[in-house]
Q: 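Sharing a structure here in structure tokens format.
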There are 2 protein chains.
Amino acid sequence: MEDHEKIDKARERIIETIAQNIHLYGLVPSAGRQFGTMFFQNEPLTLDDMTEKLGMSKTSMSTSVRALSELKLVERAWKKGVRKDLYKVTDDWHQSFIDLFSIKWQRSVTLHTAAIKKSLAELEELLQNPVLSEELREEVQIDIDKLKYMKDYYNWLERLIDAFEDQRIFDLVPKFENSNENTKN
Amino acid sequence: MEDHEKIDKARERIIETIAQNIHLYGLVPSAGRQFGTMFFQNEPLTLDDMTEKLGMSKTSMSTSVRALSELKLVERAWKKGVRKDLYKVTDDWHQSFIDLFSIKWQRSVTLHTAAIKKSLAELEELLQNPVLSEELREEVQIDIDKLKYMKDYYNWLERLIDAFEDQRIFDLVPKFENSNENTKN
DNA sequence: TTGTTTGTACAGTAAAAACTGTACAATAAA
DNA sequence: TTTATTGTACAGTTTTTACTGTACAAACAA
């Protein structure tokens, strides 16, 4: 095998692994391949570069690079004299993980918290009704307890997101093993 | 509005919110609706119960309840005299979150770690070749550095998963706010 | 101004995933 | 044993999602 083929093979293995795991980011394999391809490129790429390297339409490249950007997996880059948009892989992967975690779960927490609050208020209100049958009153109380449990859980999730966002997670799990320098970078 | 309709409305809001967020678990809305429906039921449900309540085929109920089980969101339940399989929502949601986190990411870490190890070995081997051109040697070295970066990152992710699995995450983010009793439950 | 280039909206098509109904194996009941 | 019930494999259908090609608006160049 020719030497550069060996390099390519080593890269391909990594790229395929990324492609097969990118669903964890809510993306499809081709977006993972795109990310992986950019990762092994030492220069930022244009949409046309990606079209060529991946053999896919420019429209696809445009939409998936946007998806990758929204998850902060890639970012815009600049190079003087180049008019086209340039993109490169974000270089702090720990931060990318945190961003992903935050983006994905924060929305869920917000939506759930709002829904819980509203339903809880309606049920509490229902409980005020003096002519409510004992049977229904009991059913309502059970639901209220369930919603309160959910509320506590989502409150925990919110605080968990905070612990990632403000980097406290690195106090618990330092970036490098057996390292006290977890404030670095 | 009739009283029980009010209860149903409060429940529906929560169920729909779950359905719209369950994609975070890699599941489709209907599985979320199934989960939500089970959550507000005070008795474990059979597949036939679910078929009736959700108006979907039994086959669908079977496959999605399995998906829910694999993520430990629901579990089998037993009730004497009932021959059919019974399922109920897992009651420790913090633990469910940890299980999800663990199941989803551990696989990714394992696959990536193996791929990185293999590619790294191939590239190191390539570097041994004494007649390798200076240009290629440099290219290989850059890739090796990138793979080492990935290796560190996935090592961190592995330790992060461990911190969730062995409950140390609750030291950083207690289940209840301002609580020192984070070892409880 | 007019002519190019670039990124994306949009409509249509291809591919994938969700869902259903049938058929059947496994288990329990008679 | 036979009969009934239950869960799921599998094939087919419907629905959804991914992807492509065209058309065009925005930004730049001349």
Side-chain angles (χ1 to χ4, degrees), chain A residues 15-16 18-38 41 43-71 73-88 104, chain B residues 15-16 18-38 41 43-71 73-88 104:
Chain A
I15 293 172
E16 269 314 305
I18 293 172
Q20 282 163 30
N21 286 283
I22 201 85
H23 68 271
L24 292 167
Y25 290 74
L27 300 175
V28 293
S30 71
R33 230 163 273 125
Q34 192 174 7
F35 175 87
T37 303
M38 292 170 77
Q41 227 53 38
E43 293 292 324
L45 298 183
T46 66
L47 291 179
D48 290 318
D49 293 336
M50 300 175 203
T51 293
E52 195 207 316
K53 292 209 180 279
L54 296 164
M56 287 177 73
S57 73
K58 197 174 176 182
T59 303
S60 283
M61 295 301 96
S62 173
T63 54
S64 49
V65 90
R66 177 159 49 181
L68 287 164
S69 299
E70 275 166 11
L71 294 177
L73 289 172
V74 308
E75 57 189 13
R76 296 283 302 265
W78 283 269
K79 220 167 80 176
K80 66 174 178 185
V82 179
R83 199 170 129 189
K84 302 181 184 184
D85 292 355
L86 288 166
Y87 298 93
K88 71 189 226 11
K104 292 263 173 196
Chain B
I15 293 173
E16 269 313 305
I18 293 172
Q20 283 164 28
N21 286 282
I22 202 85
H23 69 271
L24 291 168
Y25 290 74
L27 301 174
V28 293
S30 72
R33 230 163 274 127
Q34 193 174 6
F35 175 88
T37 304
M38 290 171 79
Q41 228 53 38
E43 293 291 324
L45 298 183
T46 66
L47 292 179
D48 290 316
D49 293 335
M50 299 174 204
T51 293
E52 194 207 315
K53 292 207 180 282
L54 296 164
M56 289 177 71
S57 73
K58 198 175 175 181
T59 303
S60 282
M61 295 301 96
S62 173
T63 54
S64 50
V65 90
R66 177 158 51 178
L68 287 164
S69 298
E70 275 166 11
L71 293 177
L73 289 172
V74 308
E75 58 190 13
R76 297 281 303 267
W78 283 269
K79 219 167 84 179
K80 66 174 178 185
V82 179
R83 197 170 131 189
K84 302 179 184 185
D85 292 356
L86 289 165
Y87 299 92
K88 70 189 228 8
K104 293 262 171 195

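Chain A is the first sequence line, chain B the second, and so forth, proteins listed ahead of strands; every chain is numbered from 1. FYI, side chains are in, hydrogens and waters are out, and symmetry mates aren't considered; it's all heavy atoms of this structure.
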Q: Of the candidate nucleotides C/dA9, D/dC19, C/dC19, which contains the atom at the shortest distance from the side chain of A/Val28?
A: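 The answer is D/dC19, which lies nearest to the side chain.
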
Q: Check whether any side-chain N or O of B/Lys58 sits under 4.0 Å from OP1 or OP2 of D/dG7, and answer yes or no.
A: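 Affirmative; the distance criterion is met.
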
Q: Whole angstrom is fine here: how far is it from CE in B/Met50 over to P in C/dT20?
A: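 Checked: the CE to P distance equals 15 Å.
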
Q: Distance-only, no hydrogens or angles: does the B/Ser69 side chain make a donor-acceptor pair with backbone N or O of B/Val65 under 3.5 Å?
A: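 Judged by distance alone, yes, a pair lies under 3.5 Å.
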
Q: If you count the non-hydrogen atoms of other residues, nucleotides and ligands that lie under 6.0 Å from NZ in A/Lys53, is the total more than 12?
A: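 Check fails, neighbour count at 12 or below.
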
Q: With nearest nucleotides of DNA chain C determined for B/Arg83 and A/Thr46 from heavy-atom distances, which residue corresponds to the more 5′ nucleotide?
A: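 Result: A/Thr46.
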
Q: Atom CG of B/Leu45 and atom P of D/dG7: how far apart are they, to the nearest Å?
A: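 After rounding, the gap between these two atoms is 12 Å.
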
Q: Just how far, in rounded Å, is C1' of D/dT20 from CG of A/Leu54?
A: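 Rounded to whole Å, this separation is 15 Å.
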
Q: I want to check one thing: is the phosphate of C/dA9, taken as OP1 and OP2, less than 4.0 Å away from some side-chain N or O of A/Arg66?
A: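 It does, given that an N or O in the side chain of A/Arg66 lies less than 4.0 Å from OP1 or OP2 of C/dA9.
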
Q: Just compare C/dC19, D/dT6, C/dG7 and give me whichever is closest to any side-chain atom of A/Leu47.
A: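 Per side-chain heavy atoms of A/Leu47, the pick is C/dG7.
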
Q: Specify the separation, in whole Å, of atom CG of B/Asp85 and atom C1' of D/dG7.
A: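 After rounding, the gap between these two atoms is 7 Å.
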
Q: For A/Met61 and D/dA18, what is the distance between atoms CE and C1' respectively, to the nearest whole Å?
A: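 Answer to the nearest Å: 11 Å.
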
Q: If you measure from CD on A/Gln20 to CD1 on A/Ile15, what distance do you get to the nearest 0.5 Å?
A: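 Rounded to the nearest 0.5 Å, the CD-CD1 separation comes out at 12.5 Å.
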
